[in-house]
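This report refers to the structure that appears directly beneath it.
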Amino acid sequence: MKARDLALLALFGATAACGAEFDPPHELKTLRVLAVQKSAPYAKPGEKVDLAMLWHDGSKEAPRPVQVGWFAGCHNPPGDLYAGCFAEFAGAGPPGPGGLPPGIQFGLGDTFSFSVPDDIISSRPPPVDPKQPGYGLSFIFFAACAGKLGPPPKGEEVAFPVACYGPGEELLGADDFVAGYSTVYAFEGYRNQNAIITGFRVDGAEAQSNCIDGACVGTLPPTTLDCGTAPCIAACPDDGEDSCPEIPISPIVDPQSAEVDQISVDAYGKNYEEQMWIRYYVNRGGVKSDVRLLNDAQKGWNSDYGTKLYAPKKPGPMSIWAVVHDNRGGSAWVRQEVLVQ
Amino acid sequence: MLRSAARLPALSTTLLAGVVWVQAAAAQDEGSGAVPRGGSGAVVKPPPEEAAKKPVVVPPKLVRFENAPYPEAAQKAGIQGDVVLKLSIDAEGKVTAAEVTQPAGHGFDEAAQAAALKFEFEPATRDGKAIPAKILYKYSFTLKEAPAPSPGVAPPPPTAPTTGNLGGSLRIAGTNVPLAGAEVLVVFPDGGSRRITTDANGKWAIENLPPGKYRVKLKADGYQSQENDEDVVAGEAAEITYRLAPESEGFEVTVQGERPPREVTRRTLERREIARIPGTSGDALRSIQNLPGVARPPGLAGLLIVRGSAPQDTNTFVDGTLVPLIYHFGGLSSVIPTELLDRIDFYPGNFSARYGRVMGGIVDVGLRSPDTRCDGPYGKKTDKTGCYHGLAQVDLIDARMLAQGPIGPLRGWSFAVGARRSWVDAWVKPVLEESGAGVTTAPVYWDYQVIAENKPTHDSKISLRAYGADDRLEILIRDPLAADPILGGNITLRTGSHRVQALYTGQLSRDVDVSSMLSAGQNLIRFSLGNIKFDLDTYPVGARTEFGFKATRGFKLYAGYDFLVVPYDVLVRAPQPPREGEPDPGPYATRPVVETQESETAFRPAWYLEGEWTPARRVRVVPGFRVDYARDSGNADFSPRVNGRYDLVPSTDSPEDEASGKKRLRTTLKGGVGLFHQPPQPFETNPVFGTVELRSNRSVHYSLGVEQELSRHIELSVEGFYKDLTQLVSRDASGNGAFAYNNRGEGSVVGMETLLKYKPDARFFGWIAYTLSRSVRKNSPDDQEYLFEFDQTHNLIALGSYRLGRGWEFGSRFRLVSGPLTTPVLGPPALPSLYAADSGSYAQLQGEPNSRRLPLFHQLDLRVDKAWQFRDWRFSAYLDVYNVYNNQAVEALTYNYNYTQESYQTGLPIIPSLGIRGEF
């Protein structure tokens, strides 16, 4: 039982948590979407927002074609719940015989752009609490498919109105098809920046052979590396298990990335900051922590936000991803290449 | 008084033995079903000092003797005989019945019976008041040669008796169960003594004792000893019924079923039972979860799920004061230690009009009076008071102490002071820090209780209390939960509750009694998790008073008020909370927070009237009416209720049955119907989080059942119940990102509870409880019905505890319960989840709410106690093993990161809990 579980045990009165150990989320063994970055997590009405997706196909069949589709046009659903959008997307798919439902915008590729409606704030009732600023909310849905996107099979009860088909028109499942959503809030006078990542450290030293944010989009990890340009680590016979030597790794994140939540300050006089965390992923080996706290809304910056890498067994190149999230829709990432010897 | 008639042939009569049934004691007997009664609030198990007080009983005295004619045939045949009669004597001294219990035949029986019906007595008295009684009377028909009288000379008068008889019947207090094999030591006026043992019927007798005052000492294993002074009068046979209370081992608590006579069902747990139920570590409030109608909560959670209702639908009180947080950290242990509890009244439904504002159940905990009894050597109970007691106990979680006794300079006042503190923080902190968490405050709790009490008269009591509890922790989690990073960062939790309380109960006149309570205090909750915050401070003032008027014979009226004034300050910064039956909203980490801050005063007065009508001895009907007002929601709720009990077959102890010689086992029919209202939760009417204008939730309770005594010790109770739920608070998503709350929710609960109980005796207590139920809800009349999240179709509990002797006691509990419900994720070809890119985790795509039931739960718990009684103090230890055969009970489903794989999440493994205690 992890320390976190003990804390939750103490906090929530003990139901205990003993269950099977699944493959940890940091191991990329299937098609995975790692992050979606928005040029403006808080946008203004009428502003054009650019989105970029970071994905990786860890399947044994890789490399294979992966189709990425985007659906925009769901604004201010009831209760601000994503599920309220599904009715609008019913029958949606790549432009086909049925076309797209009115107001729905579709795009293919690792990047996508849409414009926030001018009336996204004015068209909805104001917040009940007059201290809260008026806002609007847009949901952008996406799907990454190791095949071709299409409408769901007729007669099947599904929630998400898009499906993914393989070369033989077979329906592909969650290992080869990832669907999801991202949100863009619209405010007249508030902004939210993505975190600023400037590099990566391996075993205490700043490393080369990495890409940050857009530089990683649409690129695959290299298949050859050398110790002159990339950090080198020794292979571990235990293949990424926690019995392997611990190699400290961490992105280099500018502490200025932790912004003050200005809405809390203006509306309630509360000096809260953004809550921020880092997710780690590897395509080989393992890491000690899937998620690390970067900034607490009340306690502030946690300088101990790195984790430990456990080297794989097989020599060769491997990749590490670190994705920084904030609780207001911002994200940033870095991909670091490492040579295992 | 003995009278003998001398005639030729001579005969003599002897008053053999009189059995005196004391009617007032029968009224306190909770085992008899016809007219169950109890003190205010409960069926009261008298504290030991009351059990020691005995009434002064004077047997009936014969003032007019009637000679029985000697049967002619027997006289001619020279036959003699003794006839033993059971005489029923009313409160005026008239013989109403004469039953032959030991016939002699030959016409003696009829002659003796006819003569005895013409006897006249001075009636028996109890504390100076004339009472009906029954006595045994031996009419001896003997033939002797009498000298022929001289003409004109009257025959000599019969010889005056010079000895009397002394005997009795020994029973268990509160019942009519005889105590066989008990020791009776009769100390004579001259210092001599004689020791005898009660027979299988609990009876004993010594004949031909010289007149005088005798001390009768009664002793039985497992029961409190008793000593009484009795008078032996020449020519009379005194037979008195004594009742011994079970011996308390330390402090005991009684959990009651619904409180007679104002509720439908009654389930009584003896004090000893609470402290010994395995798997509860002696926690009194946790023992309630073993009663029928109470669902098993997940893990160790301190939730009371009563007859298919939500936990927030059940309120817990301490002597009438509402206590919102009754468990430390949601379930570790109760905030009031068992040792300070006098009783727990539990009402699973159809409760009295004195309670309201909820539509589930009621738990009313009563604090005990300070113990000032004096113990003799080796813990033997005495009648003396004015002594001090102390206790110290340590187990795996906390340490506690308790001191009580008289307040020296204040005559008549007594005190109790208790305190408890957890020590789990001593070992949890290093464990958490070792695994990377920052610990500012390790989880710690403490509580305290102070009681001062006085009894100005024998029927009044003043009690002043102060009690409180505090839980706190602060931890920095540097590894947030991957499934939802909101569970990470700085976690702060602090809850506190403090009260001062004053109570008064008394008899204003012969027909009017009053109980009154006033309390004030503070509750606080501080919770923060990342950017989520919840700060609540309330300063509740409660006042409750009830008058009981004995309007006529057979009718008592109760009138009362129940006021609650709660000034509060609240700050909430959180996402909209989810509700059952709605789609999963996705990870909390990036959901927008809504904030509100306000200071207000909630005012909730209530008034009620209730009647207790007993048109006949076997019938009791309790109609009631309650009016509640909630200023915060603007609702006034009117709640009429009625319940009744009818003894189809009254108990053995009714005078009619005794007179006719029948032995009956009680059969009682019971039922009730009532309307119950529950105001919306505070956040539901908050202008930011909810909707201001909401009506109260509404429920109609129906119940019908039967109680059947199967033997003196075993009782079977079966009760069916149905609850119709309407006007339930529900909500629809609205266009401004919030939710519009309404009262369109509906639901129902139907079920049956069965309890087969062995009433505690010196060795054993136990029961088997089975509940079959179904609880459903709908978010609106047009929506589909779904099973309520805490629905448990089957709930079977079998438990018992047996005293092995020499201080050893062994107990076990087995539970077999339907598995918990869960809402499954969609299966292929549908995706089970969506990637929530803002948080980097996944949101479930769910199927029908609560549509999947996990495997059956079963578990065995064992407990062993050992006590060592020394001359001046007592040491005890217990081992309570939870989940003896380490069953991997499934509590929930756990999923991998994208919900494509699932696994069972099992509950607590085998956990031994060890405790030691010293007390004097």
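Being a predicted model, the structure only gives us computed values, none of them experimental. Just so we're on the same page: letters track the sequence lines, and every chain starts at 1.
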A:Phe177 portion near chain B, given a 4.5 angstrom heavy-atom threshold: both

Region of B:Gln597 that comes under 4.5 Å of a non-hydrogen atom in chain A: side chain

Portion of B:Glu474 that has a non-hydrogen atom of chain A nearer than 4.5 angstrom: side chain

Interface moiety of B:Gln846 toward chain A, non-hydrogen atoms closer than 4.5 Å: neither

Heavy-atom donor-acceptor pair, A:Trp277 side chain to B:Asp479 backbone, under 3.5 Å: no

Spatial distance of atom CG (B:Leu476) from atom CG (A:Asn302) [nearest 0.5 Å]: 6.5 Å

Test item: A:Glu21 and B:Asn896 side chains (from C-beta on) under 4.5 Å apart, heavy atoms: no

Shortest non-hydrogen contact between B:Pro829 and A:Leu171, atoms and distance: CB-CD2, 3.2 Å

Pairwise side-chain contact, A:Val36 with B:Asp838, heavy-atom cut-off 4.5 Å (strictly under): no

Contact summary for A:Asp290 and B:Ala482, nearest pair of heavy atoms: CB-CB, 4.4 Å

Euclidean distance, B:Glu595 CD relative to A:Lys131 NZ, rounded to 0.5 Å: 8.0 Å

Heavy-atom pairs under 4.5 Å with chain B, option from A:Asp23, A:Leu34, A:Ile140 with the top count: A:Leu34

Heavy-atom pair count under 4.5 Å with chain B, highest-scoring of A:Ile278, A:Val33, A:Leu81, A:Val178: A:Val33

Six-ring centre of A:Tyr272, B:Arg573 cation under 6.0 angstrom, axis tolerance 45°: yes

Distance (rounded to the nearest 0.5 Å) between A:Lys299 NZ and B:Ile491 CD1: 12.5 Å

Structural part of A:Tyr280 lying under 4.5 Å from a heavy atom of chain B: neither

When B:Leu834, B:Val890, B:Asn531, B:Leu893 are compared by non-hydrogen pairs under 4.5 Å with chain A, the top option: B:Leu834

Leading residue by heavy atom contact count with chain B [cutoff under 4.5 Å; candidates A:Ser123, A:Gly173, A:Ser264, A:Cys164]: A:Ser264

Any side-chain heavy-atom pair of A:Gln298 and B:Lys533 under 4.5 Å: yes

Check ion pair B:Arg478-A:Asp296 (N to O, under 4.0 angstrom): no

Proximal component of B:Tyr842, with respect to chain A [non-hydrogen, under 4.5 Å]: side chain

Under 4.5 Å from a heavy atom of chain A, the part of B:Pro585 involved: both

Options A:Asp326, A:Thr183, A:Leu137, A:Thr307, ranked by heavy-atom pairs under 4.5 Å with chain B, top entry: A:Thr183

Approximate separation, where rounding is to 0.5 Å, of B:Thr894 OG1 and A:Phe22 CZ: 5.0 Å

Separation of B:Ser839 OG from A:Arg279 CZ (nearest 0.5 Å): 6.0 Å

B:Tyr835 side chain reached by A:Tyr181 side chain, heavy atoms, under 4.5 Å: no

For B:Thr495, side-chain contact (heavy atoms from CB on, under 4.5 Å) partners two or more places apart: B:Leu325, B:Asp471, B:Leu493, B:Ile525

Selection from A:Gln275, A:His26, A:Arg328 maximising heavy-atom pairs under 4.5 Å formed with chain B: A:Gln275

Intermediate values then yes/no, side chain to side chain contact (heavy atoms under 4.5 Å, CB included), A:Lys270 and B:Leu571: CA-CA 11 Å; A:Lys270 300 289 193 308; B:Leu571 165 69; 3.8 Å; yes

Interatomic spacing from CG in B:Asn898 to CG in A:Asp175 - rounded to 0.5 Å: 7.5 Å

Side chain proximity check, A:Arg32 to B:Tyr897, heavy atoms < 4.5 angstrom: yes

